[in-house]
Amino acid sequence: MASPRIALEKVRKVYGRHVALDDVSVDVRPGEFLTLLGPSGSGKTTLLMAIAGFVRPEAGLIRIGDADVTRLPVNKRDIGIVFQNYALFPHMSVLSNVEYPLLLRRLPRAEARERAQAALARTQLEGYDARDIAALSGGQRQRVALARAVVFEPRVLLMDEPLSALDKNLREQMQFEIRKLQQDLAITTVYVTHDQREALTMSDRIAVMNAGRIEQLDAPQPIYQCPTSRFVADFMGESNILPAAFLEPLGSALPLDGTLVIRAENLSLEREAADGDGVAITGRVTAHAFRGETWHLRLEVEGERQLLLSIPSGKSFDPADIQIGQQLTAYAAARHIHRLDGGPEP
Amino acid sequence: MTAMTATVNAAGLRRDAAAERRFFLSLSLPSLAVVGIGAILPLFWILQQSLTTARGDFTVVNYTALLTNGLTWRSLLVTLELSGGTLVCCLLLGIPLAFLLASTSPRTASRLMVLVLLPLWTSILVRTYGWLVLLRRDGLINDLLVGSGLVSEPVPLVYNFTGTLIGMVHYMLPIFVLPTYAAMRDIDGNVIRAAASMGASLWHCFRTVILPLAFGGIVSGSVIVFVYTLGFFITPAILGGGRISPIAIRIDRTLSTLQDWGGAAALGILLLLIVAILGVTTLGATRLIRSKPGAD
Amino acid sequence: MLDAYPESRLARALLWSFGSLVLAFLILPTLIVVPISFSGSDMLEFPPRSFSLRWYSSFFGSADWMAALRTSLVLAGLTAVVSVPAAFLACIAIDRQGGRLARAIYAFAVIPSVVPGILLAIGLFFVLARLRLLGTLGGVLLGHAVLAIPVAVIVLYPAVRRFDWVQLQAARSLGAGWGRAIVGIMLPQMVLSLVSAALMAFLSSLDEAVISIFVSSGANTTLPKLMFISLRDQIDPTIAAISTLWTGLIVAVVLLFAARQRA
């Protein structure tokens, strides 16, 4: 049975005077991996918990497949959930944790055991059946939680910042494992994170959330390259948001207007980078710092704007040449300049 | 469609939320029912009895009789003397004991703690009996006193105020020590090291750092001691030997010898009022003192 | 705590000697009854001049004492059985409700612990008389449950509050209803708190005297009531035997708990 779509219509949740979900509508396609990305307090977890059934919205419609589940109790929704701190049952063994949903569904003991073991094998946990939860590492717990969430073949899968407790290397490895499992099962998945790199790596589509609304919903590349709002531009990596007046068009460049976005890594100190149709921005150096793979440079433009440059280290750039207070010109190609629609002048 | 979806499911979701709330609230019903029937209802009945005549008419005569009776005031005085005395003794004995427990290693502390918990968990009647044996005219204490030549003849230690006070202090001391010890144990050792490094003597440090930081625990201990002892019955009934009559004893006597339900009920309400007033004022005063910055 | 004052030996010595005296004061009355319970004479002498087990046989051989012991044990067991589940459910209600109403429920449930026992006793005496439950086991049980519920609530509430509610959410997402989630996931993790609460409820009932004095009678007279009556009338070393048994029981429980905590 193919995994169904999830459709939300005007889902609203209010805590006192704080609007956690402001009439959110979103469609998660069958089999899709959709990430809810946003800062804390943006409503991403509330939205996930509303789909799960732990948060009861004030109004709205939540559909899984064709069925309205808005008022269905959690235990009847048939959703696999991976919780932030895994929520494994510490008084049960690894196998008992994974068998739990199967035994609740009155599967015969032997079959439950067989399926639980298969799920554990899928998450590379063969031979861990009898272990205590307390004896597992963070990554192993993560895998048990995953196995438990999919073992009963739920219709959809929800994950709430499942990797936030792991260290960086393990996190990156788990990102690929989770993505692979999701694709193998072809299960519709909603994933919550505040880590943009994680969102970009894993998702089919990303919904960037802010103040209880979805700011932008698109595939990772467009989200990163063509933010449609100041918030998204600001939130995704290091961007410079400037009025056109600060930029000096070079060569055949068209006259610019409105508010423009240039990513920090798309600025260069070499004129060739502008490709003959780009822009130049001149400013005074206020700070520079080495960050490993990049050099970080901060320019003050016309005494008020900060311009951020991220220059790959190891390139023809020697920080010894640069002094605080020195005048520098940065260049960007036309294809890297993106115009923000609407939005007030900064 | 769009006009409809603005509030779609809203009414149903509200009903679900209310139902869930009711479900969880209903879990408290068994406890509330037991306490309601077994404690609140009896208290209301006492209040009603204190305000009605034997024929069921409203009256305040029980209270006027009570307040014009010198015995009531004597009882009240004895009650306050016993509670106050118990509190003072608990402070004098309990604070050093709590400090000792807090300043030793956790291992030693947990061993000494057994000695504090043992009496706490022992029946009040067992403990009262033990005191009776110890404090009698020919009991162990008097034997020691006379034997050592400190006194020429046995001192009356029981069936009087002294015996009652000793029994009450013994009953309340563990209960007082527990919160005081907990508060002292939670003091950050670095705070004391800091005080020492700045030149505070141990006594000065105890007075200006440890006591103020343990204040919360000492106050909760004190409130418990006061509130409990105001209504003590068993200890004065046995160790007082009929010569000491705090309010609780007078209530019993009013009932058993005079069969005066109205009078006993009025005494009961008086006792309840004193407990409530003293409890609320001490708690309020503490909150006031603690909310003032710089107060100790 | 005193490591900042390594040189104050005198203060330490004073503290220890005073503390030891206070501990002796605390422990003495429970210890003194032990030798007396084995005394061979009718007199309360210390140290006893002869030893015997006559006071133990006078306790175990007396129909009245045995009936009282049985009543008290049954009553204490029933009190734990009634009050711990009720208190546990109330704690869940308080934890889930939150806010003012929750504080009100909590306050209501622990009221009996601050009301003087004598008031509960005479009030209950009348209410039970009205309900025709005076002198019955059920009547005393009501009185003891009223005192045990605050104890159980105070022991259980912090444990319920500490419990990771997400575990129940997880269980529910896996298909468990509220009842199964609470019984299968929450209860097993709270065994220690529940056992402590049950033990405290049991002891509070076993030790309760004031309510029993007023509302228990006849075949349902409790052990503390009988002890109270006999203490008021004469100092019989039988009580020393009972006290020794009681203290032994408490020591066993304390040691059991200490061992359990070390494990």
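Labels below follow one simple rule: chain letters A, B, ... track the order of the sequence lines, proteins then strands, and each chain is numbered from 1.
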* **Proximity breakdown for B:Phe44 and chain C, heavy-atom pairs closer than 4.5 Å** => neither

* Structure fact -> Checked B:Gly231, B:Pro96, B:Pro42 vs chain C; the most non-hydrogen pairs under 4.5 Å come from B:Pro42

* **Beyond-backbone contact of B:Phe24 with C:Gln97, side-chain heavy atoms, under 4.5 angstrom** => no

* To do: Using a cut-off of under 4.5 Å on heavy-atom pairs, state which of C:Ile32, C:Leu21, C:Leu128, C:Val253 scores highest against chain B.
  => C:Ile32

* Please step through side-chain contact (heavy atoms from CB on, under 4.5 Å) for the pair B:Leu118 and C:Ile250, ending with a clear verdict. => CA-CA 7 Å; B:Leu118 187 65; C:Ile250 299 299; 3.7 Å; yes

* Asked: When heavy-atom pairs shorter than 4.5 Å are enumerated against chain B, which of C:Leu14, C:Leu231, C:Leu120 gives the highest number?
  -> C:Leu231

* Among the options B:Asp138, B:Val177, B:Asp252, B:Leu117, pick out the one with the most heavy-atom pairs lying under 4.5 Å from chain C. => B:Asp252

* **Proximity breakdown for B:Val34 and chain C, heavy-atom pairs closer than 4.5 Å** => both

* Partner residues of B:Asp143 under the salt bridge (Lys or Arg N to Asp or Glu O under 4.0 Å) criterion, sequence neighbours left out -> none

* Where does C:Trp178 contact chain B at under 4.5 Å (heavy atoms): side chain, backbone, both or neither? -> side chain

* Spell out, as yes or no, whether a donor-acceptor pair under 3.5 Å connects the side chain of C:Asp207 to the backbone of B:Trp121. => no

* To do: Flag the one option from B:Gly38, B:Pro30, B:Ala33 with the top tally of heavy-atom pairs under 4.5 Å to chain C.
  => B:Gly38

* Structure fact -> Turns out that what part of B:Ile166 lies under 4.5 Å from chain C's heavy atoms comes down to both

* Side chain, backbone, both or neither: which part of B:Phe232 has a heavy atom under 4.5 Å from chain C? -> neither

* Would you confirm whether B:Ser31, through its side chain, and C:Ala86, through its main-chain N or O, come within 3.5 Å as a donor-acceptor pair? => yes

* **Which atoms of B:Ile251 approach chain C - backbone, side chain, both or neither, heavy atom under 4.5 Å** => side chain

* Asked: Any side-chain heavy atom of C:Ile118 within less than 4.5 Å of one from B:Ile247?
  -> no

* Smallest separation among heavy atoms of B:Ser103 and C:Leu15, with atom names -> OG-CD2, 3.9 Å

* Structure fact -> Honestly, the part of C:Leu147 sitting under 4.5 Å from a heavy atom of chain B is neither

* Asked: Who are the side-chain hydrogen bond (donor to acceptor under 3.5 Å, both in side chains) partners of B:Ser83, not counting sequence neighbours?
  -> B:Thr229

* Asked: By a 4.5 Å heavy-atom criterion (distance strictly below it), what part of C:Val127 contacts chain B: side chain, backbone, both, or neither?
  -> side chain

* Contact summary for C:Val33 and B:Gly130, nearest pair of heavy atoms -> CG1-CA, 3.9 Å

* Asked: Can you find a heavy atom in the side chain of B:Thr128 that is under 4.5 Å from one in the side chain of C:Phe228?
  -> no

* Structure fact -> For B:Arg127 and C:Pro29 the tightest heavy-atom approach is O-CB, 4.0 Å

* To do: Could you look at C:Phe214 and say if it's the side chain, the backbone, both or neither that has a heavy atom under 4.5 Å from chain B?
  => side chain

* Asked: If you draw a 6.0 Å radius around CZ in C:Phe59, do more than 12 non-hydrogen atoms from other residues or ligands fall strictly inside?
  -> yes

* Structure fact -> Turns out that what part of B:Ile37 lies under 4.5 Å from chain C's heavy atoms comes down to both

* Asked: Does some side-chain heavy atom of C:Phe18 sit less than 4.5 Å from a side-chain heavy atom of B:Leu100?
  -> no

* Asked: What residue in B:Val133, B:Leu135, B:Val191 has the most heavy-atom pairs under 4.5 Å with chain C?
  -> B:Val133

* Structure fact -> Of the listed B:Leu43, B:Leu173, B:Leu140, B:Leu32, the one with the largest count of heavy-atom pairs under 4.5 Å with chain C is B:Leu32

* Measure B:Ser201 against the heavy atoms of chain C and call it side chain, backbone, both or neither at under 4.5 Å. => backbone

* **Side chain, backbone, both or neither of B:Trp45 within contact of chain C (heavy atoms, under 4.5 Å)** => side chain

* To do: Name the region of C:Ala240, side chain, backbone, both or neither, that has any atom closer than 4.5 Å to a heavy atom of chain B.
  => both

* Asked: Which residue out of C:Ile122, C:Val114, C:Thr30 racks up the most heavy-atom pairs below 4.5 Å with chain B?
  -> C:Ile122

* Which region of B:Trp261, side chain (C-beta onward) or backbone (N, CA, C, O), has a non-hydrogen atom less than 4.5 Å from a non-hydrogen atom of chain C, or is it both or neither? -> side chain

With a cut-off of 3.5 Å and sequence neighbours excluded, list every side-chain donor-acceptor pair involving residues 269-276 of chain B.
none

* Could you tell me which portion of C:Leu26 (side chain, backbone, both or neither) has an atom closer than 4.5 angstrom to a non-hydrogen atom of chain B? => both

* So what's closer than 4.5 Å to chain C heavy atoms on B:Phe206: side chain, backbone, both or neither? -> neither

* Close approach to chain C in residues 106-114 of chain B, criterion heavy atom under 4.5 Å -> B:Thr108, B:Leu112, B:Val114

* Structure fact -> Whatever's closer than 4.5 Å to a heavy atom in chain B on C:Leu119 counts as both

* To do: With rounding to the nearest 0.5 Å, note down the distance linking CG in B:Leu25 to CG in C:Leu101.
  => 5.5 Å

* Asked: Roughly how far, to the nearest 0.5 Å, is the CG atom of B:Leu27 from the CD1 atom of C:Ile92?
  -> 6.0 Å

* Asked: Side chain, backbone, both or neither: which part of B:Leu93 has an atom under 4.5 Å from a heavy atom of chain C?
  -> both

* Asked: What heavy-atom pair brings B:Ile234 and C:Ala209 nearest, and what distance separates the two atoms?
  -> CD1-CB, 3.5 Å

* **Selection from B:Pro174, B:Ser28, B:Ser123 maximising heavy-atom pairs under 4.5 Å formed with chain C** => B:Ser123

* Asked: Is it the backbone or the side chain of C:Leu124 that comes under 4.5 Å from a heavy atom of chain B, or both, or neither?
  -> both

* Checking side-chain contact (heavy atoms from CB on, under 4.5 Å) for the pair C:Ile36/B:Tyr129: CA distance, chi angles, key distance, verdict? -> CA-CA 11 Å; C:Ile36 285 177; B:Tyr129 176 72; 4.2 Å; yes

* Structure fact -> Of the listed C:Ala11, C:Pro224, C:Ala109, the one with the largest count of heavy-atom pairs under 4.5 Å with chain B is C:Pro224

* To do: Please state whether the side chain, the backbone, both or neither of C:Ile213 comes within less than 4.5 Å of a heavy atom of chain B.
  => side chain

